[in-house]
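Report on one structure; see the data block that follows.
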Amino acid sequence: MENKDTNKGQIEFITDDGEKVPLFVLEQTKVVGVNYLLVTDSEEDEAEAFIMKEIVEDEGQSVYEMVSDDHELLAVSKVFEELLDDVNIEIEE
């Protein structure tokens with residue numbers, strides 16, 4: 001997925017199929033030199049959230065992918081919970 005900045009807190013991601021998906025950025029952090037985004041597709045309080053990882057390609061362009069590794073997902077979700085006092089992240093299996 002590529003990202004393009006749009007409104008404040010909202011990023012437009014383009015899927016591998018070319019579909020444009022607006023996502024709201026809740027928080028950003030860096031863990032062991034890797035940038036992560038906590039994003040959601042809605043501004044509602046009980047919205048489903050996703051953790052995305054920045055992958056820097058050879059050309060220097062950033063591409064974000066959903067974190068799929070369970071250990072990485074758990075570790076980064078704990079970091080986001082600490083950054084956002086009022087957020088409780090539940091991981092669905």
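These figures come from a predicted structure and were not determined experimentally.
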Next item on the list: Quick one: list whatever passes side chain to side chain contact (heavy atoms under 4.5 Å, CB included) with Glu19, sequence neighbours left out.
Entry: Thr15, Val21
Checklist line | Single hit among Val76, Leu73, Val67 for side chain to side chain contact (heavy atoms under 4.5 Å, CB included) with Lys53 | finding: Val67
Margin query: On a heavy-atom basis, which atom in Ser62 and which in Val56 lie closest, and how many Å separate them?
Written below: OG-CG2, 4.3 Å
Note to self: Are Met66 and Val25 linked, directly or through intermediate hydrophobic residues, by side-chain heavy-atom contacts shorter than 4.5 Å (ILVMFWY only)?
What the structure shows: yes
Margin query: Is there a path of hydrophobic side-chain contacts, each under 4.5 Å between heavy atoms of I/L/V/M/F/W/Y residues, joining Leu84 to Val31?
Written below: yes
Notebook entry, point to check: Going from CD on Glu65 to CD1 on Ile55, what distance comes out if it is rounded to the nearest 0.5 angstrom?
Noted result: 4.5 Å
Next item on the list: Answer yes or no: is there a side-chain heavy-atom contact under 4.5 Å between Glu12 and Pro22?
Entry: no
Margin query: If the condition is side chain to side chain contact (heavy atoms under 4.5 Å, CB included), which residues does Leu83 pass it with, not counting sequence neighbours?
Written below: Glu27, Thr29, Val79, Phe80
List the atom pairs, donor and acceptor, that lie under 3.5 Å between side-chain atoms in residues 33-42 and the rest of the protein, sequence neighbours left out.
residue: Asn35; atom: ND2; partner: Glu54; partner atom: OE1; Å: 2.5
residue: Tyr36; atom: OH; partner: Glu72; partner atom: OE2; Å: 2.5
residue: Thr40; atom: OG1; partner: Ser42; partner atom: N; Å: 3.4
residue: Thr40; atom: OG1; partner: Ser42; partner atom: O; Å: 3.3
residue: Thr40; atom: OG1; partner: Glu48; partner atom: O; Å: 2.8
residue: Ser42; atom: OG; partner: Glu44; partner atom: N; Å: 3.1

